[in-house]
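Below is one structure, written out as structure tokens; comments come after it.
The model shown is predicted, which means the values in this text are computed figures rather than measured ones.
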Amino acid sequence: MRVLLMGFFLCLFAAVGALAEAPVFRREPVRIVTAMGETEFSAEIADTDALRQYGLMFRYTLPGDRAMLFDFGQARQVGMWMKNTYIALDMVFIRADGTVASVAENTVPHSLEVVGAAEPVLAVLEVAAGTARRLGLKPGDKVYHPIFKPAP
């Protein structure tokens with residue numbers, strides 16, 4: 001019995017320690033406009049190397065009105081993976097002017113397969129799996145947030 005209790009407390013302390021190391025993300029609104037209408041998300045912003053690296057790892061849920069916006073600071077080739085990510089996601093790859101370059105739907109939790117766009121992008125918006133299909137999201141649709149600049 002003592003061994004079981006010690007094991008339980010060691011696991012509990014390890015879990016609390018992992019949570020204590022989780023970064024704090026600021027939240028900002030992000031809007032998506034598709035042929036079906038406009039949808040707003042409360043997005044956590046990942047705009048530093050540390051925040052981008054941590055992303056949505058170790059989470060078990062992502063409410064339908066939440067998202068994570070990965071801001072890379074400048075357009076570049078981007079590859080994402082799902083290591084230590086417990087929930088399936090849709091990844092929206094976004095150009096510097098806010099237009100959607102591509103969408104990767106229903107990414108596989110824990111996969112090490114690299115998911116990316118065929119062109120340089122400024123950002124990636126991660127939403128719960130199934131969201132892109134529900135919104136009718138496709139390349140050419142528009143995402144609004146202050147990091148995106150209108151085309152000249």
What I'd like to find out is whether the side chain of [X] reaches to under 4.5 Å of the side chain of [Y], using heavy atoms alone.
X: Leu137; Y: Val92; answer: yes
X: Phe93; Y: Val103; answer: no
X: Ile94; Y: Leu122; answer: no
X: Pro23; Y: Leu51; answer: yes
X: Phe72; Y: Gln74; answer: no
X: Leu56; Y: Leu89; answer: yes
X: Met68; Y: Arg27; answer: no

Does [X] use its side chain to pair, donor to acceptor, with the backbone of [Y] at less than 3.5 Å?
X: Thr99; Y: Gly140; value: no
X: Lys83; Y: Glu113; value: no
X: Arg59; Y: Ile87; value: no

Ionic contact status for [Y] with [X], cut-off 4.0 Å:
X: Asp47; Y: Arg26; value: yes
X: Arg66; Y: Glu44; value: no
X: Arg76; Y: Glu119; value: no

Considering non-hydrogen atoms only, spot the tightest contact between [X] and [Y] and give its length.
X: Phe25; Y: Ile45; result: CD2-O, 3.4 Å
X: Ala88; Y: Met82; result: CA-CE, 4.4 Å
X: Asp90; Y: Gly130; result: OD2-N, 3.1 Å
X: Leu125; Y: Ala67; result: CD1-CB, 3.7 Å
X: Ala104; Y: Val115; result: CB-CG1, 3.4 Å
X: Leu62; Y: Glu126; result: CD2-O, 4.3 Å

Original post:
Do Val100 and Met91 belong to the same hydrophobic cluster, where Ile, Leu, Val, Met, Phe, Trp and Tyr are linked whenever their side-chain heavy atoms lie under 4.5 Å apart, directly or via other members?
Top reply: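 As far as the 4.5 Å side-chain criterion goes, Met91 and Val100 are not connected within one cluster.
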Original post:
Same cluster or not: are Val124 and Ile147 linked, directly or through other Ile, Leu, Val, Met, Phe, Trp or Tyr residues, by side-chain heavy atoms under 4.5 angstrom apart?
Top reply: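 Result: no, two separate clusters.
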Could you tell me the separation between the [atom1] atom of [X] and the [atom2] atom of [Y], rounded to the nearest 0.5 Å?
X: Ser102; Y: Arg95; atom1: OG; atom2: CZ; value: 8.0 Å
X: Asn84; Y: Tyr54; atom1: CG; atom2: OH; value: 9.0 Å
X: Leu69; Y: Phe41; atom1: CG; atom2: CZ; value: 11.5 Å
X: Asp141; Y: Glu38; atom1: CG; atom2: CD; value: 12.0 Å

**OP:** Please state whether the rings of His110 and Tyr86 are parallel, tilted or perpendicular, taking 30° and 60° as the class boundaries.
**Re:**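 Perpendicular, since the angle between the ring planes exceeds 60°.
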**OP:** Kindly assign one of parallel, tilted or perpendicular to the pair His145 and Phe148, based on the angle between their ring planes and the thresholds 30° and 60°.
**Re:**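 Because their plane-to-plane angle is over 60°, the rings of His145 and Phe148 count as perpendicular.
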Subject >> Cation over ring face, Arg31 and Tyr144, 6.0 Å, 45° >> reply: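 Flagged: Arg31 positioned over aromatic ring of Tyr144.
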